[in-house]
Amino acid sequence: RDSMWQLEEATVVNYLKLQNCDAKSRKNEKVQYAFSKAHNEENTLRNHKELCEVNNLVEFSKVSHSAFYAKNHLSLFELKMCKYWTDKLLENEFELFSNPDFIKSVMAEGCGKDFMDPTEVFSLRTTQDFGDKDSCNGVHLVGGASLAPFVAYFARNILTNADTVLPVTMFCVGRQYTPVTSPDTDM
């Protein structure tokens with residue numbers, strides 16, 4: 001447990017200090033030190049979307065205002081970050097877990113999501129395999145790295161000797177999908 005607390009205090013807390021990617025959370029700090037002699041002020045005020053376009057790091061899709069594909073250095077950076085954090089967490093005896101990207105309506109509701117609200121969770125169209133969201137038998141895209149698939153795993157399994165098995169330190173490498181309702185968000 002001590003090693004887990006040390007990991008949390010040393011790395012996770014710093015990771016949580018990263019700024020969000022919306023227009024309201026952009027830092028407007030001045031650059032204190034720059035390598036170039038003449039610093040251009042407009043470069044420091046670019047948002048994430050503008051920086052990705054200028055540096056050819058993202059390909060935006062016409063499917064949705066929030067759909068994009070990482071390219072070049074950004075995609076390599078994502079892979080390296082995933083590997084780095086996976087190695088660190090495994091070193092600290094966390095258990096690697098593989099979660100589904102989809103959950104049923106009951107799990108969304110159990111985790112505090114309003115599955116009827118399209119601004120909270122993506123809902124799939126009705127098929128022969130599952131119902132629509134109005135029937136409370138819908139399927140929703142949340143991403144394997146979100147909370148709900150972890151909860152779904154434990155909701156479906158009986159733990160014998162739970163006092164000896166829990167707490168469990170687990171992690172999942174993946175994505176978390178959240179609807180972006182406004183096209184004028186930063187990314």
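Hydrogens, waters and symmetry mates are skipped; everything else that's a heavy atom, side chains included, is used.
Pairing each heavy atom of S123 with each of F115, the nearest pair is OG-O, 3.6 Å. Closest of all the heavy-atom pairs between T178 and F122 is C-CE1, 3.7 Å. Summarising the geometry of G143 relative to P149, their closest heavy-atom pair is O-CG, 3.5 Å, with the distance given to 0.1 Å. Closest of all the heavy-atom pairs between L74 and V58 is CD2-CG2, 3.6 Å. The heavy-atom pair separating C111 from A148 by the smallest distance is SG-CA, 3.7 Å. In plain terms, the two heavy atoms of G112 and E120 that are nearest each other are O-OE1, 4.0 Å.
In this view, A152 and M107, R156 satisfy the side chain to side chain contact (heavy atoms under 4.5 Å, CB included) rule, not counting sequence neighbours. For D87, the side chain to side chain donor-acceptor pair (under 3.5 Å) partners at least two apart in sequence or on another chain are K83. Not counting sequence neighbours, N72 has no partner by the side chain to side chain donor-acceptor pair (under 3.5 Å) test.
The CE atom of M170 sits 10.5 Å away from atom CG of L96, with the distance rounded to the nearest 0.5 Å. In this structure, F77 CZ and C82 SG are separated by 10.0 Å, a value rounded to the nearest 0.5 Å. With values rounded to the nearest 0.5 angstrom, K71 atom NZ is found 10.5 Å from C52 atom SG.
Connection of F97 to V168 is established within a shared hydrophobic cluster, with ILVMFWY side chains joined at heavy-atom distances below 4.5 Å, either directly or through further cluster members.
Looking at heavy atoms from C-beta onward, L57 lies in side-chain contact with H73 at the 4.5 angstrom threshold.
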For Y177 and V142: C-alpha separation, side-chain torsions, deciding distance, then whether side-chain contact (heavy atoms from CB on, under 4.5 Å) applies.
CA-CA 5 Å; Y177 300 106; V142 293; 5.9 Å; no
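Here the side chain of N99 pairs no donor or acceptor atom with the backbone of A145 at under 3.5 angstrom.
A cation-pi arrangement, defined by a distance under 6.0 Å to the six-membered ring centre and an angle within 45 degrees of its axis, is present between K49 and F60.
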